[in-house]
> 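Sharing a structure with you now.
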Amino acid sequence: MNQSNEPNTHPLAAIQSMVRACIQCGTCTGSCPNADEMDLTPRHMWRRVIMGHLDRIMTSRTFILCSDCYTCTLRCPRGLPLTDAMEMLKGIAFARQEKKHRHPRHFYEQFLATVRRHGRIRELEFMSRYFTTVRNPMVPLRFAPMGLKLIQKGKVELGFGHATDTPLAPLFDKVAAMDQAAPESAAEEDQA
Amino acid sequence: MNYFYYPGCSLTGSAREYDLATRAVLAAAGATLTEIDDWTCCGASAAAPISHLLSLSLSARNLALAEGMASDGDVLVPCSACYLNLKKAHTVLKTDADGRARINAALSAVNLTARGRGRVRHLLDVLATDLGSGGLAPLMARSLSGLSVAPYYGCQCLRPFVEFDNPERPVSMAPLIEATGADVFAWEMGARCCGAALVNTQPEAGLKRVAAILRAAKGADLIVTVCPMCQINLDAWQAKASRIAGEDLSISVLYLPQLLGLAMGLSAEALGLNLNLVILEGVREKIER
């Protein structure tokens, strides 16, 4: 079960096996609504993954710009799970705490921390914790006009009078323990 | 028709009007919604990159709760992102014995077991397939003729699971819009990504996606959506997208059940119309007669 704990397993091994059949046709790039913002096109990214260029991949913003629209996955002539592969690249970058991707990582982590504490998302608590972790005054300023509009409409959970509060710490902890025991199984499930 | 209802976090916060309109329209159409007791977040797009198993388990917790409730029925989900997450978990539970064992090992920490019974259904699927334009048309109390409506589907109710519509050129909303008496605006952007969370995490990229969709909708009176993420991107960020694009891209954006409810004669209040950020005056006059 624990092959992944062997020291010579490449960090990209699971994703390599997902995209190994790529024929570099470029359908993914042509289909991607965000390709024009990417430093590596999706097609280029799969080539880099197969070549094992971890450092170059980790400094890329390509996978961060994937908006999970599944157009590439739908159109890939080899039927490869490309959106899932982008998601796993995000996961590797977050696990390695890549400095370049710390804002989205904090965003995701604070979102999940809120879910862990309450079971459901609470926008105000989530956003204030996110702003605290990024420590960049420009970020809250960017959200302020929208936040005010939504608060005026009563569309933001302000944190009082909750009907439900279901802490999910036991579930989160159990999953963390299972992931630690067999971290590769996530990739295997993706290919199933 | 009985459904287990999974609103998801958006529908209790920034998308409350979607929740109100969904409940009102389905009740008027004779469908029974039973909200899943003690439902929790599906993990959104945040869980999967951190832990694939966590993403599946958070969604499966809600399926397990639905399975534990008395009556039968499909799980009905209005939010496309929640729909996709629940559907992914449901698919693993149903088709992958090892995956099911792992999910249930995780769920044992909260004393639950999920089997993958029933089906996970998007609201649009239920409206288009179970009720259908034929079922809804007799309920229409007035005609919204003269209104041109651009159907916006977004991504995750169509892809990667191809369940009820063409994932490239979806058409399922057209007969529903026509049943209200409104015209369907012909455009190519209905299945184009709205940028999703990029509007928050990479705004320069996300706002370009929003601007392109709004620009293509010029000439329509309004856009209808079936996803809280699509809705907030097109509705709440259109002022900023207009500024960046250097042109006025403002357009009214309603949820599909809000449009249906208006034609069914339900009140603006019951449909949460006061909660939409942008409803232009000309359109308001046409829809709130």
Side-chain angles (χ1 to χ4, degrees), chain A residues 33-34 36-37 61 64-65 67-71 73-75 81 83-84 87-88 90-91 93-95 103-104 107-109 111-112 114-115 119-123 142-143 145-146 149-150 153-157 164 166 168 170-176 178-179 182 185-190 192, chain B residues 9 12-16 38-41 43-54 56-58 61 81 84 92 95-96 98-99 102 105-110 155-156 158-160 162 167-168 192-198 200-206 208-209 236-237 240 274-275 277:
Chain A
N34 303 311
D36 60 333
E37 314 274 332
R61 63 199 294 257
I64 294 295
L65 281 161
S67 51
D68 293 339
C69 76
Y70 288 90
T71 312
T73 299
L74 180 79
R75 293 181 183 170
T83 312
D84 293 342
E87 201 158 68
M88 289 181 72
K90 251 181 239 180
F94 293 165
H103 279 201
F107 191 84
Y108 284 20
E109 283 177 354
F111 185 99
L112 286 179
T114 311
V115 172
R120 297 181 192 175
I121 200 60
R122 293 185 181 178
E123 289 90 354
R142 208 172 70 211
F143 285 96
M146 162 71 70
K149 262 195 256 180
L150 294 179
K153 285 275 186 184
K155 294 174 94 173
V156 172
E157 279 269 20
T164 53
T166 305
L168 293 175
L171 180 59
F172 275 70
D173 291 343
K174 176 76 181 184
V175 167
M178 289 176 67
D179 276 342
S185 53
E188 286 159 19
E189 275 164 29
D190 265 337
Chain B
C9 302
T12 67
S14 57
R16 272 186 14 239
D38 192 34
W39 60 266
T40 46
C41 174
S45 54
I50 310 278
S51 161
H52 187 63
L53 179 61
L54 180 62
L56 293 174
S57 304
L58 283 171
R61 179 183 181 278
L84 178 55
V92 172
T95 62
D96 168 9
D98 289 346
R102 279 178 64 76
L107 288 184
S108 69
V110 286
C155 298
Q156 296 185 341
L158 302 171
R159 302 181 291 266
V162 180
E168 297 266 14
R192 184 83 173 178
C193 177
C194 70
L198 291 184
N200 299 318
T201 57
Q202 310 284 329
E204 71 294 342
K208 265 198 226 172
R209 302 292 87 78
W237 292 102
K240 197 162 186 187
N274 57 318
L275 295 170
L277 295 183

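Here is how names work: the chains are called A, B, and so on, in the same order as the sequence lines, proteins then strands, and each is numbered from 1. Because only heavy atoms are used, hydrogens play no part in the values below, and waters and symmetry mates are left out as well, while side chains stay in.
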> Non-hydrogen atoms of chain A under 4.5 Å away: do they reach the side chain of B:Thr95, the backbone, both or neither?
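For B:Thr95, no heavy atom lies under 4.5 Å from chain A.
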> Side chain, backbone, both or neither: which part of B:Ala81 has an atom under 4.5 Å from a heavy atom of chain A?
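Looking at B:Ala81, nothing touches chain A.
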> Output the option from A:Lys153, A:Lys90, A:Lys149 having the highest count of non-hydrogen pairs under 4.5 Å with chain B.
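Top count of heavy-atom pairs under 4.5 Å with chain B: A:Lys153.
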> Name the region of B:Asn274, side chain, backbone, both or neither, that has any atom closer than 4.5 Å to a heavy atom of chain A.
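It is the backbone, since no side chain atom gets that close.
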> Which bit of A:Leu168 is near chain B, if near means a heavy-atom gap under 4.5 Å: side chain, backbone, both or neither?
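For A:Leu168, side-chain heavy atoms alone lie under 4.5 Å from chain B.
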> Which atoms of B:Leu54 come close to chain A, meaning under 4.5 Å heavy atom to heavy atom: side chain ones, backbone ones, both, or neither?
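Backbone plus side chain of B:Leu54, per the 4.5 Å heavy-atom cut-off to chain A.
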> Just give me the residue among B:Leu275, B:Ile50, B:Val110, B:Leu277 that pairs up with chain A most often, heavy atom to heavy atom, under 4.5 Å.
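Looking at each option in turn, the highest pair count goes to B:Leu275.
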> Most heavy-atom pairs under 4.5 angstrom with chain A, which of B:Ala196, B:Ala106, B:Cys155?
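Heavy-atom pairs under 4.5 Å are most numerous for B:Ala106.
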> Pick one of side chain, backbone, both or neither for A:Leu150, based on which atoms fall under 4.5 Å of a heavy atom in chain B.
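A:Leu150 touches chain B through side-chain heavy atoms alone.
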> Given a strict heavy-atom distance threshold of 4.5 Å, which part of A:Glu37 is in contact with chain B: side chain, backbone, both, or neither?
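Contact with chain B is through the side chain of A:Glu37 alone.
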> Using the ring of B:Trp39 (Phe, Tyr or Trp, six-membered ring only), decide whether A:Arg120 places NZ or CZ under 6.0 Å from its centre and within 45 degrees of its axis.
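Yes - A:Arg120 lies over the ring of B:Trp39, closer than 6.0 Å to its centre and within 45° of its axis.
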> Checking heavy atoms, do the side chain of B:Leu107, its backbone, both or neither come under 4.5 Å from chain A?
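Contact with chain A involves both backbone and side-chain atoms of B:Leu107.
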> Which atoms of A:Thr71 come close to chain B, meaning under 4.5 Å heavy atom to heavy atom: side chain ones, backbone ones, both, or neither?
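Looking at A:Thr71, backbone and side chain both touch chain B.
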> At a 4.5 Å cut-off on heavy atoms, which part of A:Leu65 comes close to chain B: side chain, backbone, both, or neither?
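Its backbone and side chain both get close to chain B.
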